[in-house]
There are 2 protein chains.
Amino acid sequence: MHGYGQFCPVAKTMEVLDERWTVLVIRELLSGSHHFNELRRGVPRMSPALLSKRLRNLTRIGIVMRLDEGGRARYELTPAGRELAPVVMALGDWGMRWMTELGDEDLDPHLLMWDIRRNVNRDALPDGRTVVAFELSEARGGRSNWWLVATADEVDLCDFDPGHPAAVRIVAPLRTMTRVWRGDISWSAAQKAHGLRLEGSTSARRAVPSWFNLSVFATVERPALAAP
Amino acid sequence: MHGYGQFCPVAKTMEVLDERWTVLVIRELLSGSHHFNELRRGVPRMSPALLSKRLRNLTRIGIVMRLDEGGRARYELTPAGRELAPVVMALGDWGMRWMTELGDEDLDPHLLMWDIRRNVNRDALPDGRTVVAFELSEARGGRSNWWLVATADEVDLCDFDPGHPAAVRIVAPLRTMTRVWRGDISWSAAQKAHGLRLEGSTSARRAVPSWFNLSVFATVERPALAAP
DNA sequence: CAGTATCCATTTCGATACTG
DNA sequence: CAGTATCGAAATGGATACTG
């Protein structure tokens with residue numbers, strides 16, 4: 001039995017949303033992912049079997065539609081699913097205010113880069129192709145390199161050097177880059193006090209903050225700190 | 001491992017809220033329940049061991065405070081906990097719009113009466129003591145009787161005849177009474193088409209709808225029905 | 001009143017490998 | 001690309017009884 005046995009609409013909603021991963025899958029769909037392997041990138045720790053099961057369940061409930069796009073599966077939110085946006089926003093707003101401590105296990109360079117990639121502000125980029133290189137270092141000593149290759153048409157994320165010279169190179173602890181993306185600290189604070197370094201021409205370095213839109217939750221107001 | 005391994009605030013929030021029953025406990029606290037057995041009445045299908053565990057967990061996380069009120073335990077939401085109200089409201093709003101089908105197992109007369117009791121509109125009641133009797137019949141043939149005894153000071157819910165004569169007697173299928181409470185149907189529609197009957201003086205019968213505030217979600221707009 | 005204690009059935013999930 | 005298949009470990013939580 002998975003129901004709560006209550007007529008309360010909060011309970012009825014939670015019967016659907018309290019299953020592990022479900023809300024994150026919906027978040028991914030709201031963020032514009034539509035294909036199975038695209039969704040997987042947003043929930044990398046979820047097994048494909050479980051993702052498949054959740055998608056089937058959400059489809060049955062009427063939150064997701066599975067479309068056949070010329071032999072390719074495409075997942076879309078139904079109107080009911082799209083109306084979960086305020087729920088997801090409320091959850092995120094609360095999390096920004098009250099779940100501020102990130103453990104090392106919450107930091108994930110691939111997930112971060114995937115988010116950043118989705119939010120490159122193409123209008124602010126120079127014409128032609130722009131490459132931005134990232135070097136992210138983890139607490140455990142790991143280090144990973146990424147390249148965003150932005151053209152007028154699209155933005156590609158690579159984990160290998162694409163060959164073209166980078167306009168800017170961003171070197172930072174993974175935690176710092178994550179906090180910038182979340183809006184916990186500004187680009188300039190990150191440079192002054194959190195080990196972020198920009199390498200490139202002065203004009204390009206200056207333009208970097210405008211090239212990236214931060215997380216939709218970056219502007220959430222944080223609670224006032226308690227008086228000491 | 002129960003975390004999602006993501007820095008996303010939605011994920012961080014769901015790490016807390018996706019545990020079974022947790023949101024319903026928070027809903028009860030938001031509704032004004034503060035003591036263990038009071039909370040239990042709002043989540044009757046939850047075992048006391050589990051409620052205890054959830055309360056401890058919520059306390060550890062900083063959503064709930066456990067106060068010692070002269071030897072009696074009292075649970076209060078912290079500021080972070082109170083700020084979950086928008087989340088709970090968003091969940092309920094969505095549920096009213098999209099989770100409209102209630103199974104027989106979602107109907108619970110005790111839970112319903114407990115909700116109704118909490119929302120008696122004392123200002124609208126006649127002076128002195130007012131007794132309202134309910135007779136709720138279930139699909140399975142069960143039937144239960146309840147009495148609300150309202151005075152200036154308090155409202156008591158009894159499952160036995162308190163002796164004083166009832167100003168009004170409300171006889172209805174449990175499903176109908178539940179739907180009225182949820183705002184799915186009006187008092188008058190319930191009488192015309194869903195088997196609800198009011199017994200008592202004309203003036204009292206007419207006054208009944210003003211005596212009860214309905215669920216906070218009763219006014220949520222329902223989605224337009226799809227064209228046939 | 002406010003919980004604990006115990007115990008086990010069930011579920012759930014993660015890991016891994018595999019397929020049309 | 002878009003999933004299924006399989007399997008075992010872990011945890012979850014429901015039922016029931018008990019306690020200071």
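Letters A, B, ... mirror the listed sequences (proteins, then strands); counts begin at 1.
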Would you please confirm or rule out a distance under 4.0 Å between OP1 or OP2 of [N] and any side-chain N or O of [X]?
X: B/H35; N: C/dC1; result: no
X: A/H2; N: C/dT11; result: no
X: A/R72; N: D/dA2; result: yes
X: A/S52; N: D/dA2; result: no

### Query
Is there a donor-acceptor contact under 3.5 Å from the side chain of A/R45 to the main chain of B/G3?
no
### Query
With no hydrogens and no angle check, is any side-chain donor or acceptor of B/Y4 less than 3.5 Å from a backbone partner on B/K12?
no
### Task
May I ask you to establish whether B/R117 and B/W114 are in a cation-pi arrangement, using a distance under 6.0 Å from NZ or CZ to the six-membered ring centre and at most 45° from the ring axis?
yes
Classify [X] by what it touches in the nucleic acid, base, sugar-phosphate, or nothing, heavy-atom distance under 4.0 Å.
X: A/R54; answer: sugar-phosphate
X: B/R66; answer: sugar-phosphate
X: A/R56; answer: sugar-phosphate

## Note on the structure
Closest to the 5' end of DNA chain C, once B/R41 and B/S47 are matched to their nearest nucleotides, is B/R41
### Query
Of A/L50 and B/A73, whose closest DNA chain C nucleotide lies nearer the 5' terminus?
B/A73
### Query
Across all strands shown, which nucleotide pairs with C/dT11 by Watson-Crick or G-U wobble geometry, both distances under 3.5 Å?
D/dA10
### Message
Is it true that B/T100 and B/W98 share a donor-acceptor pair across their side chains at a distance under 3.5 Å?
### Response
no
### Summary
Whole-Å distance, A/R20 CZ to D/dT12 P, equals 9 Å
